[in-house]
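Every value quoted in this text rests on a predicted model; they were computed, and no experiment measured them.
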Amino acid sequence: MTGHSMVAAAVAAGMSERTGRRWNGRGLPSATKEPRTYRTRPDPFADVWSTEIEPRLVADGDGRLQALTLFEWLCERQPNRFRPGQVRTLQRRMREWRARHGPAPEVFFEQTPVPGREAAMDFTDGTGLSVTIAGEPFAHLWFEWVLSFSAWTYVELAPSETFEALVSGLQGALWTLGAAPTVVRHDNLTAATHELRRSGGRQLNRRFRAVLDHYGLESSRIQPGQAHENGVVEQRHYRTKTTIEQALLLRGHRDFPDEASYTSFVRELLERKQNGPAAARLAEERRHLRSLPPAPVPSYTSFTCQVRRWSTIHVGSRTYSVPSSLIGHTVEARQHPAIVEVFYRGALIERMPRIRGERDHRIDYRHIIAALVRKPGAFARYRFREELFPTLIFRRAYDALVVTHGERADIEYLRVLHLAATTGEARVATALEHQLADGRRFDYAAVQSAVMPPTPTIPVLHLSVPDLTSYDTLLVGGAR
């Protein structure tokens with residue numbers, strides 16, 4: 001039979017010359033493709049499979065040995081025998097061997113959600129969305145709560161994973177929903193949720209237990225390191241961040257004027273994309289949810305603090321400055337997810353950003369600058385000296401004063417900083433920027449003159465009181 005006849009015979013039999021696929025009567029490939037059970041080229045690992053490869057697969061009881069590692073080992077033992085492209089063949093052969101002889105992978109059992117029974121909650125990192133606030137990179141978390149049955153979702157921006165952020169998010173979800181499930185599912189080893197010192201994280205801490213009791217919620221915890229056991233919220237994290245990412249791409253930029261605008265954007269988006277389609281199942285689930293108590297619990301942690309002689313207080317393990325007038329007095333500090341409030345005898349005295357990350361102190365120069373102006377010698381070795389340069393402009397100004405004024409630079413700078421505290425930091429910063437740009441020697445007086453130019457003198461006019469009797473005389477004369 002000629003080559004042409006062989007091709008014709010193969011076509012007549014319904015087989016493709018190149019691929020082996022079946023063709024239908026209209027000259028189109030068939031929808032089904034039969035699996036190939038034969039090899040088209042020799043197996044490069046046939047000679048070493050039973051002696052070198054298979055014994056190591058048997059010894060690898062948990063299936064962690066990678067094909068690339070095994071291939072590199074074979075190449076070292078038998079140089080020039082194998083080619084780089086053959087690693088794919090080894091990967092396929094190892095996968096096939098493990099399917100028949102290897103360890104069985106863990107089985108996951110799909111659960112049937114019960115209306116009104118369970119909600120899952122967790123934090124997820126949103127920094128990867130590359131959002132900026134007023135042009136600055138924005139590191140943040142999202143607290144996310146999802147009902148297992150209806151998939152109704154609530155999100156709340158969180159600066160960090162703290163007890164206060166957890167309680168704020170939990171209560172925000174409950175009061176937005178207007179009802180409560182029976183069980184809340186969450187992760188296991190978080191300082192915000194569990195008592196770590198005595199039980200190693202196996203028990204709920206007292207504060208979180210009290211919050212759950214207030215709403216009649218039961219706690220359901222996953223095992224350590226088993227994130228899939230909280231799969232409802234883990235899958236929701238993925239879908240939520242995917243939805244946000246796609247919306248940002250369509251938006252064309254990722255900058256927002258403030259955190260409130262960003263939160264509104266995300267909540268409106270999720271309401272349309274997630275909660276809208278879930279409305280029917282939520283209506284069904286509402287019949288099984290429980291009512292809420294009369295009022296929420298405070299979502300802050302309260303500390304009673306003695307203001308020390310350094311004009312500072314300790315809130316948890318962090319140090320904050322307060323107005324020096326409070327030295328020696330007792331104040332209440334309320335630690336919220338993003339801010340700390342200081343109260344004295346029930347009156348709000350100060351509101352400041354909560355310390356985040358590895359920092360352990362926050363000193364506001366406005367609280368202590370008046371005392372430093374009176375004691376300028378304390379500035380040079382002040383423990384928190386770097387906190388007294390509110391922006392880079394102030395640091396550059398101080399460095400310039402050191403060059404031109406030597407030892408007197410501290411006094412001049414502290415007076416400038418006092419001017420910022422009393423007239424406005426932005427105005428003083430602008431004046432300093434102009435002084436530095438000019439490159440001329442300057443001091444406190446020059447900055448003060450730029451910030452508070454002298455008021456022009458208005459002359460005082462002394463006018464005599466007119467004698468009205470002459471007008472009366474004219475009127476009388478006119479009457480004649």
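Atom CG of Leu166 sits about 5.0 Å away from atom CZ of Phe208, to the nearest 0.5 Å. We find the OG1-CG distance between Thr242 and Leu129 to be 9.0 Å, quoted to the nearest 0.5 Å. Rounding to the nearest 0.5 Å places CZ of Phe384 at 13.5 Å from CG of Asp364. Atom CZ of Arg185 and atom CE of Met121 lie 12.0 Å apart (nearest 0.5 Å).
Contact record, Ala179 with Leu289: CB-CB, 3.6 Å, taken as the closest heavy-atom pair. Between Ala139 and Thr127, the shortest heavy-atom contact is CA-OG1, 3.5 Å. Smallest separation of non-hydrogen atoms from His367 and Ser321: ND1-OG, 2.8 Å. Scanning both residues, Ala119 and Pro181, for their nearest heavy atoms gives CB-CG, 3.9 Å. Among all heavy-atom pairs drawn from Ile244 and Leu269, the shortest one is CA-CD2, 3.8 Å. Closest heavy-atom contact between Ala180 and Leu292: CB-CD2, 3.9 Å.
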Set out, in order, the CA-CA distance, both residues' side-chain angles and the distance that settles side-chain hydrogen bond (donor to acceptor under 3.5 Å, both in side chains) for Gln171 and Ser299, then state yes or no. CA-CA 8 Å; Gln171 294 196 115; Ser299 59; 4.9 Å; no

Quick one, Val87 with Leu68, criterion side chain to side chain contact (heavy atoms under 4.5 Å, CB included). Give me CA distance, side-chain angles, the key distance, then yes/no. CA-CA 7 Å; Val87 70; Leu68 180 59; 4.2 Å; yes

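By the 6.0 Å contact criterion, CD on Glu407 is open, its count of non-hydrogen atoms from other residues, nucleotides or ligands being 12 or less. Arg356 CZ: more than 12 foreign heavy atoms inside a 6.0 Å radius. For Arg88, the CZ atom is loosely surrounded, since the number of other residues' heavy atoms within 6.0 Å does not exceed 12. Heavy atoms of other residues, nucleotides or ligands lying less than 6.0 angstrom from NZ of Lys273 number 12 at most. A 6.0 Å sphere centred on CD of Gln66 holds no more than 12 heavy atoms belonging to other residues, nucleotides or ligands.
The side chain to side chain donor-acceptor pair (under 3.5 Å) with Thr319 is formed by just one residue from the set His361, Arg362, His314; it is His314. Tested against Arg366 for a salt bridge (Lys or Arg N to Asp or Glu O under 4.0 Å), the candidates Glu387, Glu350, Glu425 yield a single pass: Glu425.
In this pair, His140 and Trp142 present their aromatic rings perpendicular. The plane angle is above 60°, beyond the 30 to 60° band. Using cut-offs of 30° and 60° on the angle between ring planes, the pair Phe389 and Tyr398 is tilted. The aromatic rings of Tyr262 and Phe138 sit perpendicular, their planes meeting at an angle over 60°, well past the 30° parallel limit. Ring planes of Phe143 and Phe123: perpendicular class, angle over 60° (limits at 30 and 60°). By the 30° and 60° cut-offs, the orientation of the rings of Tyr365 relative to Phe394 is tilted. Aromatic ring pairs are classed by plane angle as parallel below 30°, tilted from 30° to 60° and perpendicular above 60°; the pair Phe379 and Tyr413 is tilted.
Counting only distance, with no hydrogens or angles, the side chain of Arg236 and the backbone of Ala120 share no donor-acceptor pair below 3.5 Å. With hydrogens and angles disregarded, a donor-acceptor distance shorter than 3.5 Å links the side chain of Ser311 to the backbone of Val322. Between the side chain of Glu164 and the main chain of Tyr300, no donor-acceptor pair closer than 3.5 Å is present. Checked by atom type and distance alone, the side chain of Ser449 never pairs as donor or acceptor with a backbone atom of Ala445 at under 3.5 Å. Checking side-chain atoms of Thr69 against main-chain N and O of Leu65 turns up no donor-acceptor pair under 3.5 Å. Judged by distance alone, the side chain of Arg427 and the main-chain N or O of Val451 form a donor-acceptor pair under 3.5 Å. At least one donor-acceptor pair closer than 3.5 Å links the side chain of Arg318 to the backbone N or O of Arg359. In terms of modelled atom types and a separation under 3.5 Å, the side chain of His214 and the main chain of Ala295 share a donor-acceptor contact. Judged by distance alone, the side chain of Arg286 and the main-chain N or O of Leu177 form a donor-acceptor pair under 3.5 Å. Checking side-chain atoms of Arg267 against main-chain N and O of Val155 turns up a donor-acceptor pair under 3.5 Å.
Judged by distance alone, the side chains of Arg308 and Thr312 do bring a donor and an acceptor atom under 3.5 Å apart. Looking only at atom types and distance, the side chain of Glu144 has no donor-acceptor partner in the side chain of Thr153 under 3.5 Å away. For the residue pair Glu118/Ser220, the side-chain donor-acceptor check at 3.5 Å is not satisfied.
With Phe149 as the aromatic partner, Arg117 does not meet the cation-pi criteria of under 6.0 angstrom to the ring centre and within 45 degrees of the ring axis.
In this structure, Arg272 pairs ionically with Glu268, as a charged nitrogen and a carboxylate oxygen lie closer than 4.0 Å. Of the charged side-chain nitrogens involved, at least one lies within less than 4.0 Å of a carboxylate oxygen, so that Arg395 and Glu386 count as a salt-bridged pair. Looking at Asp60 and Arg56, no side-chain N of the basic residue comes within less than 4.0 Å of a carboxylate O on the acidic one, giving no salt bridge.
Legend: residues meeting salt bridge (charged side-chain N to carboxylate O under 4.0 Å, His left out) with Glu332, ordered by chain and number and at least two apart, are Arg334.
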